[in-house]
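Just so you know, these numbers use all the heavy atoms, side chains as well, and skip hydrogens, waters and symmetry mates. None of the values given here were measured: they were computed from a predicted structure. Chain identifiers are assigned alphabetically (A, B, ...) following the order of the sequence lines, protein sequences preceding nucleic acid strands; residue numbering begins at 1 within each chain.
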Number of protein chains: 2
Amino acid sequence: MTESTRPMRRQDIRRENEKAILLAAEKVFAEAGFGGATMQLIADLAGLPKANLHYYFATKEELYRSVVQNIFEIWLQAANCFDVARGPIDGISAYIDAKMEISRRHPDGSKVWASEVMHGAPVLQDYMESTLREWTDGRVAIIRRWIEEGKMDPVDPRHLLYMLWATTQHYADFGHQIETLNGGKPLSDRQWREAKENIKRVILTGIGAQPA
Amino acid sequence: MTESTRPMRRQDIRRENEKAILLAAEKVFAEAGFGGATMQLIADLAGLPKANLHYYFATKEELYRSVVQNIFEIWLQAANCFDVARGPIDGISAYIDAKMEISRRHPDGSKVWASEVMHGAPVLQDYMESTLREWTDGRVAIIRRWIEEGKMDPVDPRHLLYMLWATTQHYADFGHQIETLNGGKPLSDRQWREAKENIKRVILTGIGAQPA
DNA sequence: CTGAAAGCTGACCATACGGTCAGGATGCAA
DNA sequence: TTGCATCCTGACCGTATGGTCAGCTTTCAG
């Protein structure tokens, strides 16, 4: 049943194996950190022999880099929310929604990203100095415009962005702590919604966001 | 001059070496994670032969546990601010100040703590289920009282606490990112002050904190 | 002064890990 | 069907790491 037919085409094989490896790697890197992760563990989780990993990814570093870059893509995609928005209420609400969704659906990715940054971004330094900086500068400009247009109070845009990143990512990176304080149970749908609403409300009220 | 006389007493030797080892360990664990840290690296940084580390701390796990417990103490001490306060403005302001000071003075400690939690708190699980839970419940009660007394809007106390933790710790854990976005320079005194003021302002305004 | 306890360390060991490779299995184009 | 490129993998290797230990030096109580 489950394993009966295997008419796998070459392309499919490669794609599926890479996907399985990356998924397993993300989890193991998130749980153990780069140094604590082992190729054997990743291989076991992916259901492949270790040597097969090295067929697709030459080194542990290369595999790690792939994982981190994947995450960075997702992280940046959440940005679009900001651009289409008319004002801070729309834009920041949507951004918080997007980032909270990432925290909920990709907690491992978020952890790997956090770990990478905490350890000095050995892999992503280039991206941070180019792509991330440009992205940030763009959003800072948008926020500044909102302030000039009287749509929100004159809050430092950078610190506001840090606040958005911090509050949303916290639910992934410190998920274990939150879960423990929640009686050992993961947050329910309801609690996730409450978390989002709380963050939005406090921040939007806090910056004096005005309806566009 | 610097190294002339060494009338070290036993007690002093032990205290100073343990201190040096713990300091070095904190830094190495923060930079490399538990798995990436090596006893050799810690020993070198502490200026001691590796075997000497094992004289004071039998295993890497034991050393790590000591580091983490130290940090947990500091983390909890910032709590006192909350207790003595009359209302949300005093209490939360003081707490933000205290936590930002920790982020600035103990970034390595903060990172180790973050790493520990991200990896499922293998060492601190017990503390989190006892001490941390009690501490949190206590603060939740205080915030609830403030709400009942009309000193602030009815914001979910837990999510507010997470927000405080997230925003303040972010400046330590993601310090590298912030530094990169700051042109590769660490935040100046002024910028730290601005960061603190921004956080306070947004959150206190956001929760509708009323002067006691 | 003396002996025992505390502090110290170079040399060593077992293990685990990242990585390699020769050679087998499999799909696929011609 | 055939030949080749891709895919796969068990067995192996060198190294780095956590940890041990025998024996040395230093402190200090009596």
Expressed in angstrom and rounded to an integer, what is the separation of Met39(A) atom CE from dA16(D) atom P? 18 Å
How long is the line joining NZ of Lys60(A) and P of dA16(D), in whole Å? 15 Å
For the pair made of CD in Glu16(A) and C1' in dG27(C), what is the distance, rounded to whole Å? 15 Å
Is there a donor-acceptor pair closer than 3.5 Å between any side-chain N or O of Lys60(A) and the backbone N or O of Phe34(A)? yes
Could you give the distance from CG (Asn198(A)) to OG1 (Thr167(A)), rounded to the nearest 0.5 Å? 11.0 Å
Please state how far atom CZ in Phe29(A) lies from atom P in dC17(C), giving the value in whole angstrom units. 14 Å
Calculate the interatomic distance between Gln40(A) atom CD and dG10(D) atom C1'; express it in whole Å. 12 Å
Check every strand shown and say whether Ala37(B) touches a base, only sugar-phosphate, or nothing at a heavy-atom separation below 4.0 Å. sugar-phosphate
Mind calculating the distance between CD1 (Ile42(B)) and P (dT17(D)) to the nearest angstrom? 12 Å
Exactly one of His119(B), Gln125(B), Glu116(B) clears side chain to side chain donor-acceptor pair (under 3.5 Å) with His176(A), and that residue is Gln125(B)
Taking the six-membered ring for Trp and the full ring for Phe, Tyr or His, determine whether the centres of Trp113(B) and Phe72(B) are under 6.0 Å apart. yes
May I have the distance from Arg15(A) (atom CZ) to dT6(D) (atom C1'), rounded to whole angstrom? 16 Å
Please work out if Glu61(B) contacts a base, only the sugar-phosphate, or nothing of the nucleic acid, heavy-atom cut-off 4.0 Å. sugar-phosphate
Salt bridge or not for Arg144(B) and Asp137(B), using N-O below 4.0 Å? no
Is it the case that more than 12 heavy atoms not belonging to Lys200(B) sit under 6.0 Å from its NZ atom? yes
For nucleotides 4-11 of chain C, print each protein N/O atom paired with a nucleotide N/O atom at under 3.5 Å, atom names and distance only.
from	atom 1	to	atom 2	distance (Å)
dA5(C)	N3	Arg10(B)	NH2	3.2
dG7(C)	OP1	Arg14(B)	NE	3.2
dG7(C)	OP2	Arg14(B)	NH2	2.8
dG7(C)	OP2	Tyr55(B)	OH	2.6
dG7(C)	O5'	Tyr55(B)	OH	3.3
dC8(C)	OP1	Asn17(B)	ND2	3.1
dC8(C)	OP2	Asn17(B)	ND2	3.2
dC8(C)	OP2	Tyr56(B)	OH	2.4
dT9(C)	OP2	Asn52(B)	ND2	3.1

Without decimals, in angstroms, what is the distance between His54(A) NE2 and dA22(C) C1'? 17 Å
